[in-house]
There are 2 protein chains.
Amino acid sequence: MAGPRSLPLLGPACCAPLVRAPLDAATAADLARTLKALADPARLRLLSMVAAHDGGEACVCDLTEPLGLTQPTVSHHLKVLVDAGLLTRDKRGVWAYYALVPGALDAVAAVLSSQTAPVG
Amino acid sequence: MAGPRSLPLLGPACCAPLVRAPLDAATAADLARTLKALADPARLRLLSMVAAHDGGEACVCDLTEPLGLTQPTVSHHLKVLVDAGLLTRDKRGVWAYYALVPGALDAVAAVLSSQTAPVG
DNA sequence: CCGACGCATTGACAGCCGTCTATGCATGGG
DNA sequence: CCCATGCATAGACGGCTGTCAATGCGTCGG
């Protein structure tokens, strides 16, 4: 099991834009891991649905029906997003609330963009 | 075969950030296709190597050795990036020169970011 | 205490993906 | 005219991935 990883893009080696200099193998592998978590229609929709939901958080039962996927599949995708450092999981009572990790998506965008985008 | 697709992110429906409103299935599928092309260590390194190369372009023979992959594999990855609208291919004589599509990566970054990043 | 509910985990299966070797196809030099 | 060179394509194969049905596990209400 990989276990929860901290998003390397938020670390000190954060702001080296892709187009500046050739990526070394390790950096490319880290960035690819994060992008792989994003590169799925269901997960992209989950991210946007969580972000747009009331209070910036949503539980699985809010997401299953509009997505048109079964509950285990939704749980699986949410786990992938949490492990990638893009979502947080907060279990309150019977429900598990998911929310965006602030700045995580912006960090990915900053690496892809040739601009030095301020995250704040 | 899918054939070369124009990058939908550069179209009129360009600047709807992921976190603003829930993505519909079609938009999510389009964005996922582009991200899937990016979500590979070899392709990320290829993009950065092409961008950082002299004149902003590089041929396959420039990329094969530093990547540590065989020539057919490199050609395959480059084709994926071209089909995704991230690279251009210009065959001159025996060589095939690849270059970044201006603004393509920035367009992807703009969709991911919560900022309204100016592309220019 | 027990049943219903919300969610995670497991196991299974089809399909896609990254890589290689082998081969084909132009182009240019001698 | 022929061979070397640079690149693309074809075919094969192991591994990963997205999905589902079935099941397990806490938590709350009655």
Side-chain angles (χ1 to χ4, degrees), chain A residues 1-5 23 25 28-29 31-47 49-50 53 57-84 86-99, chain B residues 1-4 25 28-29 31-47 49-50 53 57-84 86-99:
Chain A
M1 187 184 311
R5 301 173 312 101
L23 260 51
L31 180 53
R33 245 192 303 268
T34 302
L35 287 172
K36 232 178 260 285
L38 284 173
D40 182 274
R43 289 196 285 269
L44 287 173
R45 296 189 71 192
L46 282 175
L47 278 179
M49 290 167 65
V50 165
H53 202 264
E57 60 178 13
C59 60
V60 179
C61 58
D62 293 325
L63 305 167
T64 299
E65 181 196 1
L67 240 179
L69 295 177
T70 64
Q71 173 266 316
T73 300
V74 172
S75 276
H76 162 69
H77 284 309
L78 289 171
K79 175 176 171 49
V80 170
L81 291 170
V82 169
D83 286 350
L86 297 169
L87 283 184
T88 60
R89 193 182 98 105
D90 180 29
K91 181 139 194 174
R92 295 201 297 270
V94 184
W95 294 273
Y97 290 92
Y98 291 85
Chain B
M1 189 179 311
L31 181 53
R33 246 193 302 270
T34 302
L35 287 172
K36 231 178 261 285
L38 284 173
D40 182 272
R43 290 197 284 271
L44 288 173
R45 297 189 71 190
L46 281 174
L47 279 178
M49 290 167 67
V50 165
H53 201 265
E57 61 179 12
C59 59
V60 180
C61 58
D62 293 325
L63 306 167
T64 299
E65 180 196 1
L67 239 180
L69 295 177
T70 64
Q71 173 266 316
T73 300
V74 172
S75 276
H76 163 68
H77 285 309
L78 290 171
K79 175 176 171 50
V80 170
L81 291 171
V82 169
D83 288 349
L86 298 169
L87 283 184
T88 60
R89 193 182 97 107
D90 179 30
K91 180 138 194 176
R92 296 201 298 271
V94 183
W95 295 272
Y97 290 91
Y98 291 85

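So you know, we letter chains A, B, ... as the sequences are listed, proteins then strands, and number each from 1.
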Starting from C1' on D:dT17, measure out to CG on A:Asp83 and report it in whole angstrom. 15 Å
Nearest-0.5 Å distance, CG of residue B:Asp40 to CG of residue B:Leu47: 10.0 Å
Please round to the nearest 0.5 Å and tell me the distance separating atom OG1 of A:Thr70 and atom NE2 of A:His76. 10.5 Å
To the nearest angstrom, how far is A:Leu44 atom CG from D:dT17 atom C1'? 15 Å
Of all the heavy-atom pairs spanning A:Leu69 and A:Ala42, show the shortest one and how long it is. CD1-CB, 3.8 Å
Strand contacts (DNA chain D) in residues 91-99 of chain B, 4.0 angstrom heavy-atom criterion: B:Val94, B:Trp95, B:Ala96, B:Tyr98
Can you confirm whether B:Arg43 sits close enough to B:Leu86 that some side-chain heavy atom of one is under 4.5 Å from a side-chain heavy atom of the other? no
Produce the list of close N/O pairs, under 3.5 Å, pairing protein atoms with atoms of nucleotides 19-22 of chain C; give distances to one decimal.
residue, atom, partner, partner atom, Å
C:dT19, OP2, B:His77, NE2, 2.2
C:dC20, OP2, B:Thr70, N, 3.2
C:dC20, OP2, B:Thr70, OG1, 3.1
C:dC20, OP2, B:Thr73, OG1, 2.9

Does A:Arg89 make a side-chain N or O approach to OP1 or OP2 of C:dC7 shorter than 4.0 Å? no
Would you kindly give the CD-to-C1' distance between B:Glu65 and D:dG6, to the nearest whole Å? 15 Å
Answer yes or no: is there a side-chain heavy-atom contact under 4.5 Å between B:Leu35 and A:Leu44? yes
Measure the OG1-NZ distance between A:Thr34 and A:Lys36 for me, rounded to the nearest 0.5 Å. 11.0 Å
Taking the side chain as everything from C-beta on, heavy atoms only, tell me whether A:Lys79 gets closer than 4.5 Å to A:Ser75. no
Tell me the interatomic distance from B:Leu87, atom CG, to D:dC7, atom C1', rounded to whole angstroms. 16 Å
Taking for each residue the nucleotide of DNA chain C with the nearest heavy atom, is it A:Lys36 or A:Leu78 whose nucleotide lies nearer the 5' end? A:Leu78
Please give, in whole Å, the distance from D:dC7 P to B:Asp90 CG? 12 Å
Within the structure provided, determine whether B:Arg89 and B:Leu78 are in side-chain contact (heavy-atom separation under 4.5 Å). no
When the distance from CG of A:Leu35 to P of C:dC17 is rounded to whole Å, what number comes out? 16 Å
Spacing of A:Arg33 atom CZ relative to C:dG18 atom C1', expressed in whole Å: 16 Å
Validation: residues 57-65 of chain B side-chain donor-acceptor distances under 3.5 Å, sequence neighbours left out:
residue, atom, partner, partner atom, Å
B:Glu57, OE2, B:Arg92, NH2, 2.8
B:Asp62, OD2, B:Cys59, N, 3.3
B:Thr64, OG1, B:Val60, O, 3.0

